[in-house]
Amino acid sequence: MKILVVEDDLSIAMGIEYSLGQEGYEVKVCGNVAEGKTYIENEVVDLCLLDLTLPDGSGYELCKVAKENRDIPVIFLTACDDEVNVVMGLDMGADDYVTKPFRIREFISRIKSVLRRHNKTDSTKAIFNYNNIRINTLEAKVYKNNKEVQLTALEYRLLLTFITHEGQALSRNQLLEGIWDIAGDFVNDNTVTVYIKRLRDKLEDDPGNPTFITTIRGIGYKVGR
């Protein structure tokens, strides 16, 4: 697998390149947004590791390119660990968010987890239909009454978790595992509640009496019959 590292701190970049090389990954290091953008657009990349603050811009810019190009998994590398930056990264499409400095074994474990989760998502059936809702996983698009519904990356990932387990009641912990590796105080039961409410507001005809994402008392939630 080919991993792109966009990091302007050479010592960090070289350390990541060496460690991932030991794990059998092919690694390309770029030092700025322009180099990273060119590489993403011209090469097949399996995962992007993006520093948030770069000399000529932000890792957020590259995240957008990676997701529009081929929905490439993205992990942000940053010294910023406040909730605002984390949530912004998630909503823009980040699959994980690692704060520097990090322990290399944990870091590699997070990389493998993101790749596993992404490959599992790829195996979801191409088209999911439920009444007036249609989800095309090949295009990563959601429609209600044949009109496209705009979802954030985290909302879409939560929806994919539901349809991957169509008809199955999922606990809050199962949903958390599906949308995010459990890390950080902001990722908790309230996160699931907030994002389910956001999905219901966008997809349900009557969000107060949901029929698509239903609550299973004492267990959690489910989608489908």
*Nearest 0.5 Å, what's the CD-CD1 distance between Gln168 and Ile219?*
10.5 Å

_Cluster link Met1 to Ile108, ILVMFWY, side chain under 4.5 Å_ = yes

_Arg110 bridged to Asp95 by N-O distance under 4.0 Å_ = no

*Yes or no on side-chain contact (heavy atoms from CB on, under 4.5 Å) for Thr137 and Ile163, after CA distance, side-chain angles and deciding distance?*
CA-CA 10 Å; Thr137 63; Ile163 66 172; 4.0 Å; yes

*Decide yes or no on side-chain contact (heavy atoms from CB on, under 4.5 Å) for Thr53 and Ser58, but give the supporting numbers first.*
CA-CA 5 Å; Thr53 305; Ser58 167; over 6 Å; no

_Check this for me: Lys28, atom NZ, are more than 12 non-hydrogen atoms of other residues, nucleotides or ligands nearer than 6.0 Å?_
no

*Using side-chain contact (heavy atoms from CB on, under 4.5 Å) as the criterion, point out the one residue from Tyr130, Tyr143, Phe212 that pairs with Leu203.*
Phe212

*State whether the number of non-hydrogen atoms from other residues, nucleotides or ligands found under 6.0 Å of Lys2 atom NZ is greater than 12.*
yes

_Non-hydrogen atoms of Ala34 and Asp56 that approach each other most closely_ = N-OD2, 3.0 Å

*Working to the nearest 0.5 Å, report the span between CG of Leu52 and CD of Glu7.*
10.5 Å

_Taking every non-hydrogen atom, the tightest pair across Glu23 and Arg105_ = OE2-NH1, 3.1 Å

_side chain to side chain donor-acceptor pair (under 3.5 Å) partner of Arg134, chosen from Asn129, Asn145, Asn146_ = Asn146

*asked:* Just verifying a value: how many Å separate Leu4 CG and Lys37 NZ, rounded to the nearest 0.5 Å?
replied: 13.5 Å

*Compare every heavy atom of Glu204 with every heavy atom of Ile213, then report the nearest pair and how far apart it is.*
N-OE2, 2.9 Å

_Same cluster or not: Phe102 versus Val114, using hydrophobic residues (I, L, V, M, F, W, Y) connected whenever any side-chain heavy atoms lie under 4.5 Å apart?_
yes

*asked:* If you compare all heavy atoms of Arg172 against all heavy atoms of Thr193, which two are closest, and at what distance to 0.1 Å?
replied: NH1-OG1, 2.8 Å

*Can you find a pair of side-chain heavy atoms, one from Phe107 and one from Leu49, that are under 4.5 Å apart?*
yes

*Look only at the side chain of Thr214 and the backbone of Pro210, and say whether a donor-acceptor pair between them is shorter than 3.5 Å.*
no

_Within this structure, what is the CG-CG distance for the pair Asp205 and Asn132, rounded to the nearest 0.5 Å?_
5.0 Å

*Leu115 side, atom CG; Asp96 side, atom CG - distance, nearest 0.5 Å*: 11.0 Å

_Quick one, Val27 with Tyr18, criterion side-chain contact (heavy atoms from CB on, under 4.5 Å). Give me CA distance, side-chain angles, the key distance, then yes/no._
CA-CA 9 Å; Val27 182; Tyr18 174 79; over 6 Å; no

*Supply the atom-to-atom distance Leu47 CG to Ile75 CD1, rounded to the nearest 0.5 angstrom.*
5.0 Å

*Please tell me if the side chains of Val142 and Glu155 come closer than 4.5 Å, counting only heavy atoms from C-beta onward.*
no

*Do the non-hydrogen side-chain atoms of Cys48 and Leu62 ever get within less than 4.5 Å of each other?*
no

*Taking the side chain as C-beta and beyond, is there a heavy-atom pair between Tyr25 and Asp46 under 4.5 Å?*
no

*Please test Ile3 against Ile16 for side-chain contact (heavy atoms from CB on, under 4.5 Å), starting from the C-alpha separation and ending with a verdict.*
CA-CA 10 Å; Ile3 296 179; Ile16 292 174; over 6 Å; no

_Restricting to non-hydrogen atoms, name the atom on Leu50 and the atom on Cys63 that form the minimum distance, rounded to 0.1 Å._
CD1-N, 3.6 Å

_Using modelled atom types and a 3.5 Å cut-off, is there a donor and acceptor pairing between side-chain atoms of Lys202 and backbone atoms of Gln150?_
yes

*Heavy atoms only: give me the nearest Arg200-Tyr221 pair and the separation to one decimal.*
NH2-CD2, 3.8 Å

_Main chain of Val6, side chain of Asp51: is a donor-acceptor contact present, judged purely on distance under 3.5 Å?_
no

_Closer than 3.5 angstrom, by distance alone: can the side chain of Glu43 be matched with the main-chain N or O of Tyr39 as a donor-acceptor pair?_
no

